[in-house]
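These notes are about the structure you will find just below.
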Amino acid sequence: MSHNSELLCTKFLAPAKIALIALIHVYCSHEIKTSSRVCLLRLLLKWTDGKDTCLSLFGLSDFKAHLSDIPCVDGRSAYDRLLLKLYDIGTMDDLCSLINDIDSDFFKVSSDSGNIAVSSTSLVGHFLRRSYVEFKAMEFDERVDLWKAFATFRSYGDNDMSIASLHKPEIQRVFSPKDSFAMEDVTKMFEFQIEYMQKQGCSLPDSMVETLDKILAHSFRTPSSIYYIRFLHGWRCGDYQEAFENLHRYFDYTMHHNDKIFYQYALLNLAILQADFNCLEEAVWAIQETIKTARENKDNICLNFSLSWLYHFQKSHPRECPPPASSDNATVQFLKVKAKETGMVNLQSVVYLSEAKSMILSGGNATLIFEAIMKSAYMNASINLLESVGAQFLVQATFWSRLGISNLGKFYTDGFLDLFQDSSFVEDVVKIACRSAYTLVNCGRYDDALKVLADIESTATRSLRIHQIWVTYKTLIMFKRAIRNERMNEVEALSTRLNSMPGVTEDCRLDINFAQIEYYTRCGNPELALTLSSQYLDSSVADDLDLYNQLVYMMQYSRIMLLLGRPLRGYTLLMRCISIAEKSSLVPAIMEALCMVCEIFNSIKSHQQVLAILDATIPYIVECENAELLGKAYYETAKAIVGASDLLEAVVGGQERDAAEVREKIMHAIRYAKLAYAEHEKLEDISRMLDISSMLARLYHIVGPDYTDDRDRTAMQNMSLRQMRSDARKSGMLTAT
């Protein structure tokens with residue numbers, strides 16, 4: 001479309017459609033080779049159907065791209081024949097004749113063959129008949145404008161070398177050129193834009209906004225779908241006022257022309273909008289009104305979707321929602337029955353996935369969870385519902401990770417990002433990428449985690465809310481790294497930033513809480529850390545949040561109890577955690593609790609029990625792919641080996657021990673201490689590295705002069721770490737995001 005020309009808006013006819021009528025003439029004149037007629041007919045059916053094509057926005061270059069490879073009987077291409085036919089239309093009278101003769105040219109019985117050229121009931125026939133009717137309904141000045149637009153459309157083929165020998169002398173034009181479009185095709189383009197924005201979760205680029213404004217300025221009526229596009233644009237950009245106003249305009253217009261049958265969908269959109277902008281009470285009111293209206297109108301599709309949305313909303317915001325009239329299980333079973341009755345396979349898939357997620361959060365049976373996930377996957381595959389793959393893979397990754405098989409969880413997140421990223425909702429892409437990045441943080445791969453986030457930065461910026469999720473996780477990763485590096489100035493700045501982040505998801509909020517408790521514990525304020533962990537634990541139990549996160553809060557509380565010199569209270573809580581986690585098959589929680597139990601046992605000199613526990617659990621800890629947990633297990637093992645043999649006491653007390661036995665046990669402890677150091681080095685955890693380095697220095701001192709070099713190297717390493725920690729605490733500066 002030329003930016004320097006005027007725009008002509010018609011109801012149906014446009015220059016490209018006149019070109020299509022000319023192409024139908026070419027087809028019916030038997031000038032196309034027999035072997036290529038099916039190929040051309042396939043194009044004609046596609047363009048006249050118009051479901052997937054905005055034909056009025058076509059230019060000659062689009063026709064050339066499709067028709068240049070279709071040969072004619074005389075050796076030229078179908079595109080050449082089309083241009084010849086177009087240049088036969090030399091005046092406005094020729095254009096009128098072309099359309100007025102549609103009935104005699106296509107629908108009359110031929111005297112030669114006794115057949116008609118085009119059936120009036122076919123797609124091509126329907127297109128021709130409508131073109132005839134629409135042209136007859138046009139005023140004279142509208143026909144003149146259409147002729148001007150056609151001349152401009154045809155002029156783009158003036159320099160085409162393939163018609164040099166066919167081109168008639170150029171007609172003198174005394175009018176200004178016009179570009180044109182048909183309102184019907186523009187409406188289809190708007191509907192496509194809505195579908196794209198809903199799927200990709202993006203706002204409109206500035207160039208598209210300018211194009212839409214230009215089209216609307218020249219159209220004889222404003223399609224209602226433009227208000228919905230503006231609603232989506234305002235929603236994605238975070239402009240609540242614009243989104244709210246255009247949503248009302250769209251449904252006011254729609255209900256005015258459709259007898260108010262869409263009122264429940266207006267309320268449903270309003271509920272989703274209010275929830276996204278954190279207006280939770282208004283969202284609850286809107287969704288309850290949606291359910292009432294859908295029941296009154298007997299709209300089962302809207303009713304089932306609304307009930308499913310309300311169920312998920314209640315799980316995410318238990319405090320803001322009124323207590324449900326039925327249990328979670330009863331709600332899920334009701335949705336299953338209704339989805340099956342109405343044949344909504346996509347809703348069945350969502351319900352099975354919701355059931356699996358609910359069981360994961362409540363610590364349900366692993367077999368039933370796996371069964372529900374597989375049912376959902378089967379439903380998705382049966383109707384090729386690629387848009388639901390993201391939610392399915394996210395639940396599967398969580399399921400396998402909580403069973404302690406982190407490799408399989410990572411397989412699902414990486415597989416989704418490699419294979420299904422383009423066909424899924426942008427929110428699912430960002431959430432899975434953030435989860436994948438945070439998993440890498442647990443392995444000490446900070447740079448790889450930030451790279452994963454950097455790869456989806458352009459995707460995340462499509463919507464304000466989704467971009468907030470992305471920024472929050474990036475800041476959280478930097479916060480975790482700064483805590484372990486002990487860059488306190490940076491930690492304080494990042495902590496302030498995290499606390500002020502708007503629109504933080506529940507999962508991300510929990511990760512932030514865990515990181516802040518760790519921060520207060522490390523900076524020498526365990527009392528505040530204890531208070532926070534107690535508050536978070538009470539809140540999570542009251543809101544019936546994720547069972548696994550409740551256990552993590554309990555373990556953090558126990559760890560602080562141990563730091564404050566109250567191991568018995570911590571031990572009681574840990575045994576309770578192990579009992580709950582074992583019933584729910586939460587392997588990472590069991591392993592973390594056992595490591596803390598081993599720390600308590602080491603503090604009371606029950607070293608043999610520690611060795612027995614860790615000998616059985618370290619293989620499972622390795623599968624969890626948590627460098628901090630594995631490093632802690634190795635460190636407690638090294639401490640237990642030393643303590644069980646009374647090596648330090650023997651040396652200090654001057655007792656005579658078998659030198660070979662002492663050396664063997666010390667070297668065994670050193671091997672585990674080095675493994676622990678390597679894991680914490682991945683995490684860049686200076687404090688833990690210092691503790692292990694000090695232990696290694698003592699052990700090398702015991703083993704004797706044969707390891708003087710190792711002892712000196714460890715001592716230098718220890719001094720370097722102390723200096724690094726001192727410098728970090730003094731001059732930790734906030735890095736650029």
Side-chain angles (χ1 to χ4, degrees), residues 199-203 236-238 276 389-391 393-398 401 406-407 409-485 487 490-491 493-516 518-519 625-628 682-685 733-737:
K199 180 178 179 180
Q200 297 297 324
C202 62
S203 58
R236 304 306 184 199
C237 292
D276 251 18
V389 170
F393 275 31
L394 189 57
V395 173
Q396 284 182 288
T398 303
S401 296
S406 295
N407 266 331
K410 190 172 183 301
F411 167 80
Y412 278 104
T413 55
D414 292 349
F416 172 82
L417 293 175
D418 290 340
L419 301 175
F420 298 99
Q421 184 171 345
D422 295 336
S423 59
S424 300
F425 293 114
V426 68
E427 184 172 355
D428 291 337
V429 173
V430 172
K431 284 184 176 180
I432 289 180
C434 289
R435 174 186 172 79
S436 178
Y438 201 70
T439 303
L440 293 173
V441 170
N442 292 332
C443 302
R445 297 167 58 185
Y446 302 105
D447 293 333
D448 291 339
L450 292 173
K451 184 179 182 302
V452 170
L453 294 183
D455 289 342
I456 62 160
E457 182 173 5
S458 59
T459 303
T461 53
R462 294 177 183 176
S463 165
L464 178 64
R465 184 175 64 85
I466 295 172
H467 187 247
Q468 287 171 347
I469 296 173
W470 181 86
V471 170
T472 303
Y473 267 100
K474 183 176 180 181
T475 308
L476 179 59
I477 291 171
M478 296 169 65
F479 183 58
K480 293 275 286 186
R481 190 176 198 175
I483 290 174
R484 289 165 177 167
N485 292 169
R487 300 193 301 271
E490 183 176 346
V491 169
L494 290 171
S495 177
T496 303
R497 186 184 300 178
L498 283 172
N499 288 329
S500 63
M501 287 285 185
V504 177
T505 61
E506 189 62 31
D507 291 340
C508 192
R509 174 56 60 192
L510 292 168
D511 291 330
I512 292 172
N513 292 343
F514 297 151
Q516 288 185 328
E518 182 183 0
Y519 162 54
E625 292 192 344
N626 188 318
E628 184 176 14
K682 293 178 187 175
L683 297 169
E684 303 176 8
D685 194 335
M733 299 301 293
L734 181 64
T735 57
T737 59

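All residue numbers refer to positions in the sequence shown, counting from 1.
- The CZ atom of Arg509 lies 8.5 Å from the OG1 atom of Thr472; values are rounded to the nearest 0.5 Å.
- Scanning for side chain to side chain donor-acceptor pair (under 3.5 Å) contacts around Tyr438 gives an empty result, with sequence neighbours left out.
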- Carefully, step by step, assess Ile512 and Met501 under the rule side chain to side chain contact (heavy atoms under 4.5 Å, CB included). CA-CA 11 Å; Ile512 292 172; Met501 287 285 185; 5.8 Å; no
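- The CD1 atom of Ile483 lies 12.5 Å from the CG atom of Leu683; values are rounded to the nearest 0.5 Å.
- With Ser401 contributing its side chain and Thr398 its backbone, the two residues share no donor-acceptor pair below 3.5 Å.
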Assess the residue pair Asn499 and Gln516 against the criterion (side chain to side chain donor-acceptor pair (under 3.5 Å)); give the C-alpha distance rounded to whole Å, side-chain angles, the decisive distance to 0.1 Å, and a yes or no. CA-CA 10 Å; Asn499 288 329; Gln516 288 185 328; 2.8 Å; yes
Next item on the list: Give the C-alpha distance, both sets of side-chain angles, the deciding distance and a yes or no for side chain to side chain contact (heavy atoms under 4.5 Å, CB included) between Ile456 and Gln421.
Entry: CA-CA 10 Å; Ile456 62 160; Gln421 184 171 345; 4.1 Å; yes
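- Annotation: side chain to side chain donor-acceptor pair (under 3.5 Å) contacts of Asp428 (sequence neighbours excluded): none.
- Without hydrogens or angle criteria, Ser500 side chain to Arg497 main chain gives a donor-acceptor distance under 3.5 Å.
- Classification of Lys451 and Asp455 as a salt-bridged pair holds, one side-chain N sitting under 4.0 Å from a carboxylate O.
- Note that the CD atom of Glu427 and the CZ atom of Arg465 stand 4.0 Å from one another [nearest 0.5 Å].
- For Phe411, the CZ atom is loosely surrounded, since the number of other residues' heavy atoms within 6.0 Å does not exceed 12.
- Going from atom CG of Asp511 over to atom CZ of Phe479 covers 12.0 Å, rounded to the nearest 0.5 Å.
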Go through it in stages, so that I can follow the logic: the residues are Ile477 and Leu453, the test is side chain to side chain contact (heavy atoms under 4.5 Å, CB included), and I'd like the CA-CA distance, side-chain angles, deciding distance and then a yes or no. CA-CA 10 Å; Ile477 291 171; Leu453 294 183; 3.7 Å; yes
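- In summary, Arg484 and Glu628 engage in a salt bridge, as defined by a charged side-chain N under 4.0 Å from a carboxylate O.
- Closest heavy-atom contact between Leu476 and Ala515: CD1-CB, 4.1 Å.
- Identified under the ring pair (Phe, Tyr, Trp, His ring centres under 6.0 Å) test for residues 449-469, with sequence neighbours left out: His467-Trp470.
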**Message:** Does Arg481 form a side chain to side chain contact (heavy atoms under 4.5 Å, CB included) with Val441? I'd like the steps, not just the answer.
**Reply:** CA-CA 8 Å; Arg481 190 176 198 175; Val441 170; over 6 Å; no
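- Here the straight-line distance linking atom CG of Leu498 with atom OH of Tyr519 works out to 12.0 Å at 0.5 Å rounding.
- Counting only distance, with no hydrogens or angles, the side chain of Ser495 and the backbone of Val491 share no donor-acceptor pair below 3.5 Å.
- Between the side chain of Tyr446 and the backbone N or O of Lys682, no donor-acceptor pair lies under 3.5 Å.
- Remark: Asn442 engages no residue in a side chain to side chain donor-acceptor pair (under 3.5 Å) (not counting sequence neighbours).
- In this structure, Lys480 NZ and Asp685 CG are separated by 10.0 Å, a value rounded to the nearest 0.5 Å.
- Every residue meeting the side-chain contact (heavy atoms from CB on, under 4.5 Å) condition with Thr439, not counting sequence neighbours, appears here in chain and number order: Arg435.
- Scanning for ring-ring contact (aromatic ring centres under 6.0 Å, His included) contacts around Phe393 gives Tyr412, Phe420, with sequence neighbours left out.
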